[in-house]
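Below: one structure, written as structure tokens.
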Amino acid sequence: MPAPHVADQAFVTLATTDAYCMGALVVGKSLRHYGTSRRIVVMVSPNVSLEARRPLEFVFDEVLQVNVLDSGDRAHLSWLGRPELGVTFTKLHCWMLLRYHKCVFLDADTLVLSNIDELFEREELSAAPDAGWPDCFNSGVFVFRPSLHTHTRLLEHAAQHGSFDGGDQGLLNSFFSDWAVTDINKHLPFIYNLSASAFYTYLPAFQRYGYDAKIVHFLGGVKPWHCSFNPQANQDSGSQLDQYVKLWWEEYLRQTPPTVATPDPRELSK
Ligand code: UDP
Ligand code: MN
């Protein structure tokens with residue numbers, strides 16, 4: 001018998017383009033594959049096509065349309081002069097999911113490799129170190145508590161200070177600025193946000209600990225949906241990254257439920 005849903009906790013992802021919907025679909029499918037007992041939610045922006053949205057509806061408990069500029073409050077108006085923060089602001093909408101008490105945000109370019117429901121034991125803001133600057137957390141995977149108050153403060157912070165990297169990671173790190181020095185429980189192990197760059201920057205550590213990876217994060221400009229599916233990539237040939245890309249494609253192509261056709265990748269990955 002499947003585990004009952006823990007209805008006030010959810011995994012959340014985001015897609016603002018049809019291509020990122022391919023990634024979101026894999027996030028959803030891989031969470032289901034490993035039998036999460038939590039709700040799974042995807043936020044999409046209005047420009048996402050019906051064709052890209054439909055398969056999400058079969059996999060996710062909720063497909064929520066989020067409008068970045070849906071309110072006339074002061075923080076939004078100040079933001080209007082900062083178009084580069086658009087996607088960042090869309091991600092911040094996750095703090096508005098007030099029907100949930102605790103959530104785990106997963107970037108659409110992540111792949112779940114095991115049941116990760118234990119992440120709900122962590123508190124806001126828990127995240128793994130960024131491989132490029134480990135005193136910063138990587139914002140591809142984080143535990144948070146939806147709250148109107150926090151959402152407003154984040155928007156105000158963004159409007160006032162912007163983001164030091166132009167994206168959500170800079171903003172969230174400057175907002176949750178004590179992450180590096182306060183509570184070690186808020187430091188997720190790196191296996192919950194294993195970035196591809198770690199394979200070549202510290203190969204021995206990857207060989208020692210990587211077998212236990214729970215979430216792979218395809219961060220950077222080249223996403224799995226930009227790569228072709230290589231069914232031949234296996235243990236003996238191909239790089240570690242190739243093997244994860246292969247797993248990503250297997251998850252993408254898995255038919256769940258069997259009656260729903262997965263969209264033709266050539267249509268969505270443009
Ligand atoms: N995202 C999106 N549309 C975009 C860019 C980003 O929906 O055009 C969302 C998506 O969930 C993505 C996240 O924002 O995973 C962060 O962007 P990305 O993963 O590309 O950044 P990286 O992890 O490579 O720094
Ligand atoms: Mn990412």
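Just so you know, these numbers use all the heavy atoms, side chains as well, and skip hydrogens, waters and symmetry mates. We count ligands from 1, going down the list as the structure has it; atoms in each ligand are counted the same way. Values in this document were obtained by computation on a predicted structure and should not be read as measured data.
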Ligand 1 atoms in contact with [X] (distance to a heavy atom under 4.0 Å):
X	value
L219	22 (P), 23 (O), 24 (O)
K223	18 (P), 19 (O), 20 (O), 22 (P), 24 (O)
H217	23 (O)
A15	7 (O)

Of the protein's non-hydrogen atoms, which lies at the shortest distance from [atom], and what is that distance?
atom	result
atom 11 (O) of ligand 1	L14 O, 2.7 Å
atom 4 (C) of ligand 1	Y20 CE1, 3.2 Å
atom 3 (N) of ligand 1	T16 OG1, 2.6 Å
atom 13 (C) of ligand 1	D107 OD1, 3.4 Å
atom 19 (O) of ligand 1	D109 OD2, 2.9 Å
atom 1 (N) of ligand 1	V87 CG1, 3.7 Å

**Message:** Less than 4.0 Å is my threshold; does some heavy atom of G220 fall inside it relative to ligand 1?
**Reply:** yes
Do [X] and ligand 1 have an N or O pair less than 3.5 Å apart?
X	value
T13	no
A108	yes
F218	no

Sub-6.0 Å ring centroid separation between [X] and [Y]:
X	Y	value
H149	W95	no
Y202	F190	no
F176	W179	no
W248	F229	no

**Message:** Less than 4.5 Å apart, side chain to side chain, heavy atoms only: is that true for C21 and V48?
**Reply:**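 With C-beta onward as the side chain, the pair touches.
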**Item:** Non-hydrogen atoms of Y244 and G210 that approach each other most closely
**Value:** OH-O, 3.9 Å
**Contact summary for F142 and C94, nearest pair of heavy atoms** =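 Scanning both residues, the minimum pair turns out to be CZ-SG, 4.2 Å.
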We want to know whether [X] and [Y] form a side-chain donor-acceptor pair, criterion being a heavy-atom distance below 3.5 angstrom.
X	Y	value
S174	H157	yes
D130	Q169	yes
R254	H33	yes

**Residue pair V112, K214: steps toward the side-chain contact (heavy atoms from CB on, under 4.5 Å) verdict** = CA-CA 6 Å; V112 174; K214 293 180 188 295; over 6 Å; no
**Asked** Heavy atom under 4.0 Å from ligand 1: found in Q169's side chain, backbone, both, or neither?
**Response**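 Neither; no heavy atom under 4.0 Å.
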**Request:** Please name the atom of D107, restricted to N, O or S, that is closest to the Mn ion (ligand 2).
**Result:**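 The closest N, O or S atom of D107 to the Mn ion (ligand 2) is OD2.
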**Asked** How wide is the angle at the Mn ion (ligand 2) between NE2 in H217 and OD1 in D109, to the nearest 10°?
**Response**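 Reported to 10°, the angle equals 90°.
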